[in-house]
Amino acid sequence: MTEQADVIVVGMGVGGEMVAGSLADAGLDVIGVEGNLVGGECPYWGCIPSKMAIRAADLLAEARRVDGMAGHAQVDSSWKPVAERIREEATTNWDDQIAADRFTDKGGRLVRGWGRLAGPGQVTVDGTTYRARRAVVLGTGTTPAIPPIDGLAGTPYWTNREALEATERPESLLVIGGGAIGLELAQAFARFGSDVVVVEAADRVLPPEEPEASAVVHAALEADGIALHTSSGVSAVHHDGTAFTVTMADGSSRTVQRLLVSVGRRVDLGSLGVETVGLDPSARAVTVDEHLRAGEQLWAVGDVTGHGAFTHVATYQAGIIVRDILGEDGPPADYRALSRVTFTDPEVGAVGMTEAQAREAGIDVRVGVAQVPSTARGWIHKAGNDGVIKLVADAGRGVLVGGTSAGPNGGEVLGALSVAVHGEVPIERLRHMIYAYPTFHRGIEDALRDLP
Ligand SMILES: Cc1cc2nc3c(=O)[nH]c(=O)nc-3n(C[C@H](O)[C@H](O)[C@H](O)COP(=O)(O)OP(=O)(O)OC[C@H]3O[C@@H](n4cnc5c(N)ncnc54)[C@H](O)[C@@H]3O)c2cc1C
């Protein structure tokens, strides 16, 4: 059996849903293929539920800061409202009817099942072949990478999914991986009272970000009672039906109720039939050009392209694909001002290159740093004010190529840095801008003063 459509989108996550919906809105006949939930990882097990948990955990932390600044607060935490909010408001109990209707109401056709490429312009789902007249778009996302640790397979370890489906906070939790997702969840559970350990192989948490930001987050997590083991690994895992015994590379061991594996995400091209369109099934991502084209009649969007696993990258790329398929003009993909936020408290916002990346790229680098507690707003803020603003400048061109804003509202301060990097605003103009007093973003002016 064969069915035809103008466009077939395989994977209706953040990126796929936007491409499919926009093209259906534009009047094309679009088939969206989804094996799980329309909407993808972000609304059901990613950004949204994790930020709901973090919002609640941050409220607890803020209430605990009342002592010494505004009297006394007695704080009793409960995970129940978090679990309920995730079920009722974020995921409607992991039901995607609203998202599915959002697509079909635009005229799109939703095919439920796992799609597989079967040659240029062709996708099979459960024995039916779908043929695309114009385009196939791959938006199949990522799954959690699971390290080959002795004894881990077959144990009831958590990934982000089980962690965000939890109805109770664990008594104790060991997190393997000190990246953004691992740290966000570690801190959230710790603030609800879980006894949390984080094990990170690199010599610092948040290894891709500036070392100054890692240091700020490290100190904050320790202040939350989290035991951090950097330059450390897990060599074996055992589950006895009740608890995990986790053996570290140094031979020591820990017994914990829950184990969260958070060592990164992986793209699985092996099951997508990409070899039928001339792509390498063992590649770590689908290689795309600046219009997100991956081959004949083929585009790819989101995490599967390997350009940073973020919702805003998926939606940015989706816009480019939609214009390209519709034959409209528009700028090609440009990742120089790629921004990202780790929603720990303090938040770490970052855009563009780190100092190390800029030096590696051969840029004539200058850096300027401001300590948030020494800025006017940081000093006023006092409790929970740790943070750093770091600017990475290209001295030759007189522009910023990167910036980091770790601290209270670090993700919002990032907005100004993103405009500066994206717009290639001359540093001299930034130096003569009026920065509202006393805001956190005014710390950028302090960092500019430190910039030689
Ligand atoms: C815990 C966590 C927190 C996060 N927080 C943030 C955040 O704060 N900010 C941010 O920007 N990003 C965050 N992310 C990342 C964000 O969720 C992803 O970048 C985003 O979901 C990527 O969208 P996507 O469309 O590429 O893939 P996905 O959203 O993963 O969607 C892919 C879809 O394809 C489907 N699929 C896969 N294979 C097939 C197939 N063969 N046939 C049919 N369907 C298929 C899947 O079922 C899925 O629905 C977070 C991720 C996690 C895990």
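Both counts, for ligands and for their atoms, begin at 1 and track the order of listing.
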Exercise for review: Examine ligand 1 and decide if any of its atoms is less than 4.0 Å from a heavy atom belonging to S271.
Suggested key: no

Top protein contact for [atom], by heavy-atom distance:
{"atom": "atom 31 (O) of ligand 1", "value": "G13 CA, 3.2 Å"}
{"atom": "atom 19 (O) of ligand 1", "value": "D303 OD1, 2.8 Å"}
{"atom": "atom 8 (O) of ligand 1", "value": "K51 NZ, 2.7 Å"}
{"atom": "atom 13 (C) of ligand 1", "value": "C47 SG, 3.3 Å"}
{"atom": "atom 12 (N) of ligand 1", "value": "T311 N, 3.3 Å"}
{"atom": "atom 27 (O) of ligand 1", "value": "G141 CA, 3.4 Å"}
{"atom": "atom 15 (C) of ligand 1", "value": "A309 O, 3.4 Å"}
{"atom": "atom 36 (N) of ligand 1", "value": "W114 CZ3, 3.7 Å"}

Point to revise | Heteroatom proximity flag, V304 to ligand 1, N/O under 3.5 Å | key: no

Exercise for review: Return a yes/no value for L185: is any of its N or O atoms, backbone included, closer than 3.5 angstrom to an N or O of ligand 1?
Suggested key: no

Quick check on contacts: which atoms of ligand 1 are under 4.0 angstrom from a heavy atom of [X]?
{"X": "S50", "result": "3 (C)"}
{"X": "H312", "result": "11 (O)"}
{"X": "G139", "result": "32 (C), 33 (C), 34 (O)"}
{"X": "G113", "result": "42 (N), 43 (C)"}
{"X": "G15", "result": "25 (O)"}
{"X": "F343", "result": "8 (O)"}
{"X": "N36", "result": "47 (O)"}

Please determine if [X] and [Y] form a salt bridge, counting it only when a charged side-chain N lies under 4.0 Å from a carboxylate O.
{"X": "R87", "Y": "E165", "answer": "no"}
{"X": "R134", "Y": "D6", "answer": "no"}
{"X": "E168", "Y": "K80", "answer": "no"}
{"X": "D324", "Y": "R293", "answer": "yes"}
{"X": "R116", "Y": "E275", "answer": "yes"}
{"X": "E162", "Y": "R258", "answer": "no"}

Exercise for review: Please work out whether the ring planes of H307 and Y335 are parallel, tilted or perpendicular, with thresholds of 30° and 60°.
Suggested key: parallel

Would you say the side-chain atoms of [X] pair up with the backbone N or O of [Y], donor to acceptor, closer than 3.5 Å?
{"X": "E200", "Y": "V205", "value": "no"}
{"X": "E34", "Y": "L110", "value": "no"}
{"X": "T404", "Y": "E210", "value": "no"}

Review point. With a 6.0 Å cut-off on ring centres, are F192 and W79 close enough?
Key: yes

Check your understanding: Looking only at side chains, do R112 and N36 share a donor and an acceptor under 3.5 Å apart?
Key -> no

Check your understanding: Is any side-chain heavy atom of L259 closer than 4.5 Å to a side-chain heavy atom of I176?
Key -> yes

Ligand 1 contact on [X] by region, counting heavy-atom pairs under 4.0 Å:
{"X": "W45", "value": "backbone"}
{"X": "R265", "value": "side chain"}
{"X": "N160", "value": "side chain"}
{"X": "V10", "value": "side chain"}
{"X": "L272", "value": "side chain"}
{"X": "I181", "value": "side chain"}

Measuring from [atom], which candidate in [options] has the nearest non-hydrogen atom?
{"atom": "atom 21 (O) of ligand 1", "options": "V267, T159, V14", "value": "V14"}
{"atom": "atom 17 (O) of ligand 1", "options": "C42, A53, G308, P144", "value": "C42"}
{"atom": "atom 49 (O) of ligand 1", "options": "E17, R161, E34", "value": "E34"}

Exercise for review: Step through the shown structure and confirm whether more than 12 heavy atoms of other residues, nucleotides or ligands are within 6.0 Å of NE2 on H239.
Suggested key: yes

Point to revise | Residues forming a side chain to side chain donor-acceptor pair (under 3.5 Å) with E88, sequence neighbours excluded | key: none

Practice item. Scan for side chain to side chain donor-acceptor pair (under 3.5 Å) pairs involving residues 120-131, sequence neighbours excluded, and state none if there are none. Key: none

